[in-house]
Amino acid sequence: MNQRNLDGNSFIIRLEMTTKDIKFGEVASAISEAGGDIIAIDVISTNQDVSVRDLTVAVTDAQDNNKIIEGVRQLKGASIINVSDRTFLLHLGGKIEVTPKVPIHNREDLSRVYTPDVARVCSAISEEPGKAFSLTIKRNTVAVVSDGSAVLGLGNIGPRAAMPVMEGKAMLFKQFAGVDAFPICLDTQDTEEIIRTVKAISPAFGGINLEDISSPRCFEIERRLNEELDIPVFHDDQHGTAVVLYAGLINALKLVGKSITDVKIVVCGIGAAGVACSNILLSAGASRVVGVDREGALVRTTTYENEVWSDYAARTNPELETGSLRDVIRGADVFIGLSRGNLLTREDVQTMAADPIVFAMANPVPEIMPSVVEDIVAVMATGRSDYPNQINNVLCFPGMFRAVLDCRASEINEEMKLAAAQAIASAISDEERTRYYIIPSVFNDKIVKSMRNRVIEAAVKTGVARRIPREQTREGGDV
């Protein structure tokens, strides 16, 4: 039997039953008595002696799985072949595939898509490399690049284990924005080698989405690739988080009647996401941002070995506050957590300014659970899907890349990120906005179109668009 730890609300037992020794009703009773509910039955094979069936069993508690399995195993005439859950089955063979856009039915079709006629297309691109955008998949394809060093809440699990996440990201690109994306998981965590590799594969792609690469290497990798490539490079863990965070904060501040230019914002966790979130807030007009990490508040009067921290300190904390999170959160209007669970207490929140806004985004455990402070905060957001106001990168990267591919942007700049955040925020009207609804659903089909248009406008305005889509002007065409 191939058994694994199961963690869903249902799992599948492949069961072989000897018909002379056991009836199916006995199996169903054993499963029910152990706390399970059979919700689907699939007959795999059957004859007069043996029947093999897949039983999908729902449970209220994942801990009941082993109890159910053991109960079935004790039945005479029943043999468990395999136990799996639906999530693992969904991932069998991977979640994405490559399919041709045109069929090949005959020799003429073959000659057009391959040899000899394809040579004419190759020659055209050789003479004018920019034609790769119109004559190859480059115009609509993004590389999702990871080294597996900082995957979700799993940490440094390596490139092979990171593949299911990157495949999932490729699915989201396609589902929400029609962008073709392909996972590139690199078996190296050397900064220079990653940079060289991404540069080497870049001719095939219209954009690069860096994903789950640990700090501080991610800063150097993104900076260098942006400097050395002529296609946009976007580290989603940094900038996707920042865009959605700012979108949520726009609506939260409207609810409490405060301005971003006036509020004191404490950012806890000055890693990749913390720096990017602070940057977008500063670009939006925030003037009182205080960053806190394991050594306390970052202040320009202190020398740090981490160059990123030194640069951050030079641009923030204008009042030169020092001390721990508990010290600097006093009087703060906004708390933004990008660190680890249970760092913030109810007592800390009680020292904040009136109508405090708390974005506790550590996963899977927030810096403070919503239930602890629901009665004393004006607005609460987390990174979790089981609470209102989830700060979810999925709201950003599909629409962002739809825009940059359509206008063939050479980079993604701060003005484009601000435009993306405004698009997300505006999906919620003044009438709809409440303390429990400051972030729209990822399934809101208006967001990608709205973000695309606003980001393209920002790209054109800032001079990084190399093509203006026809619908943006009467004529359209290359810039």
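Numbers for residues simply follow the sequence, beginning at 1. Keep in mind the model is a prediction, meaning the values are calculated, not measured. Atom set for the values below is all heavy atoms of this structure, side chains included, hydrogens, waters and symmetry mates excluded.
K417 and E414 are joined by a salt bridge, as a carboxylate oxygen and a charged side-chain nitrogen come within less than 4.0 angstrom of each other. Residues D355 and K258 are not paired through a salt bridge, judged by the lack of any N-O separation under 4.0 Å between the basic side chain and the carboxylate. A salt bridge is defined here as a Lys NZ or Arg NE, NH1 or NH2 lying under 4.0 Å from an Asp or Glu carboxylate O, and D430 with R433 meets this definition.
Side-chain contact between R288 and T261 is absent, with no heavy-atom pair separated by less than 4.5 Å. At a threshold of 4.5 Å between non-hydrogen side-chain atoms, the residues I368 and V358 count as touching. Inter-residue side-chain proximity for I208 and L210 is flagged as met; some heavy-atom pair is nearer than 4.5 Å. A 4.5 Å side-chain heavy-atom check between V142 and L405 finds at least one atom pair inside the cut-off. Side chains of I250 and Q422 form a contact here, defined as non-hydrogen atoms less than 4.5 Å apart. Using a 4.5 Å heavy-atom threshold, the side chains of C407 and P469 count as touching. Counting only heavy atoms from C-beta outward, the side chains of L344 and I329 approach each other to under 4.5 Å. Within the 4.5 Å cutoff, the side chain of V267 has heavy atoms near those of the Y312 side chain.
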Margin query: salt bridge (Lys or Arg N to Asp or Glu O under 4.0 Å), that's the test. Do E367 and R340 meet it? Break it down for me.
Written below: CA-CA 6 Å; E367 285 80 2; R340 56 184 176 84; over 6 Å; no

Notebook entry, point to check: Given the rule in the ring-ring contact (aromatic ring centres under 6.0 Å, His included) test, do F443 and F176 qualify, once you have shown the distances and angles that lead to the verdict?
Noted result: CA-CA 8 Å; F443 296 102; F176 292 116; 5.8 Å; yes

Next item on the list: Kindly determine whether T462 and N413 satisfy side chain to side chain donor-acceptor pair (under 3.5 Å), including the steps that lead there.
Entry: CA-CA 8 Å; T462 56; N413 57 36; 2.9 Å; yes

Item checked: From CA spacing to verdict: side-chain contact (heavy atoms from CB on, under 4.5 Å), L418, I280 -> CA-CA 7 Å; L418 290 170; I280 199 170; 3.7 Å; yes

Item checked: Check against side-chain contact (heavy atoms from CB on, under 4.5 Å), L229 and V233 -> CA-CA 8 Å; L229 291 178; V233 179; 4.1 Å; yes

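Side-chain N or O atoms of S310 include one that pairs as donor or acceptor with a backbone N or O of Y304 at under 3.5 Å. Put simply, the side chain of R454 never gets that close to the backbone of A419: no donor and acceptor are under 3.5 Å apart. Of the possible donor and acceptor atoms, one in the side chain of K264 sits under 3.5 Å from a partner among the backbone N and O of V328. D109 contributes a side-chain N or O that, together with a main-chain N or O of H105, makes up a donor-acceptor pair within less than 3.5 Å. A distance-only check finds a donor-acceptor pair linking the side chain of T136 to the backbone of A132 [under 3.5 Å]. In this structure, K95 contributes its side chain and P164 its backbone to a donor-acceptor pair below 3.5 Å. Between the side chain of N363 and the backbone N or O of G383 there is at least one donor-acceptor pair closer than 3.5 Å. With hydrogens and angles disregarded, a donor-acceptor distance shorter than 3.5 Å links the side chain of W309 to the backbone of I270. One N or O on the side chain of E432 and one on the backbone of S429 form a donor-acceptor pair closer than 3.5 Å. A donor-acceptor pair under 3.5 Å is formed between the side chain of R467 and the backbone N or O of D406.
In this structure, A423 and M451 approach most closely via the heavy-atom pair CB-CA, 3.6 Å. Taking both residues in full, the closest heavy atoms of I412 and P232 are given as CG1-CB, 3.7 Å, listed atom of the first, atom of the second, then distance. In terms of heavy atoms, V464 sits closest to E411 at CG1-CG, 3.7 Å. C218 and H235 make their closest contact through CB-CE1, 3.3 Å (heavy atoms, listed as atom of the first residue, atom of the second, distance). For V349 against P356, the heavy-atom pair with the smallest separation is CG1-CG, 4.3 Å. Between L281 and I336, the shortest heavy-atom distance links the atoms CD1-CD1, 3.6 Å.
For Q390, the side-chain hydrogen bond (donor to acceptor under 3.5 Å, both in side chains) criterion is met by N392, not counting sequence neighbours. Residues meeting the side-chain hydrogen bond (donor to acceptor under 3.5 Å, both in side chains) test with D236, sequence neighbours left out: K169, N393. Every residue two or more places apart in sequence or in another chain that forms a side-chain hydrogen bond (donor to acceptor under 3.5 Å, both in side chains) with N209 is listed here: E211. Qualifying side chain to side chain contact (heavy atoms under 4.5 Å, CB included) partners for S149, counting only residues two or more places apart in sequence or in other chains: D147, N156, Q189, I213, S214, R217. In terms of the salt bridge (Lys or Arg N to Asp or Glu O under 4.0 Å) criterion, R435 has no residue partners (sequence neighbours excluded). Take D262 and apply the salt bridge (Lys or Arg N to Asp or Glu O under 4.0 Å) test, not counting sequence neighbours, and it matches no residue.
Screening T188, L186, V198 against E193 for a side chain to side chain contact (heavy atoms under 4.5 Å, CB included) leaves a single residue, T188.
The local environment of CZ in R330 is sparse, with at most 12 non-hydrogen atoms from other residues, nucleotides or ligands closer than 6.0 Å. Other residues, nucleotides and ligands place more than 12 heavy atoms under 6.0 Å from the CD atom of E192. When the shell of 6.0 Å around NZ of K461 is examined, it contains 12 or fewer heavy atoms from other residues, nucleotides or ligands. The local environment of CZ in R112 is sparse, with at most 12 non-hydrogen atoms from other residues, nucleotides or ligands closer than 6.0 Å.
Between F173 and F401, the angle of the ring planes goes over 60°, which puts this pair in the perpendicular group of the 30/60° scheme.
In the model, E222 has a side-chain atom that pairs as donor or acceptor with a side-chain atom of H239 under 3.5 Å. For D327 and S324, the side-chain atoms include at least one donor-acceptor pair closer than 3.5 Å.
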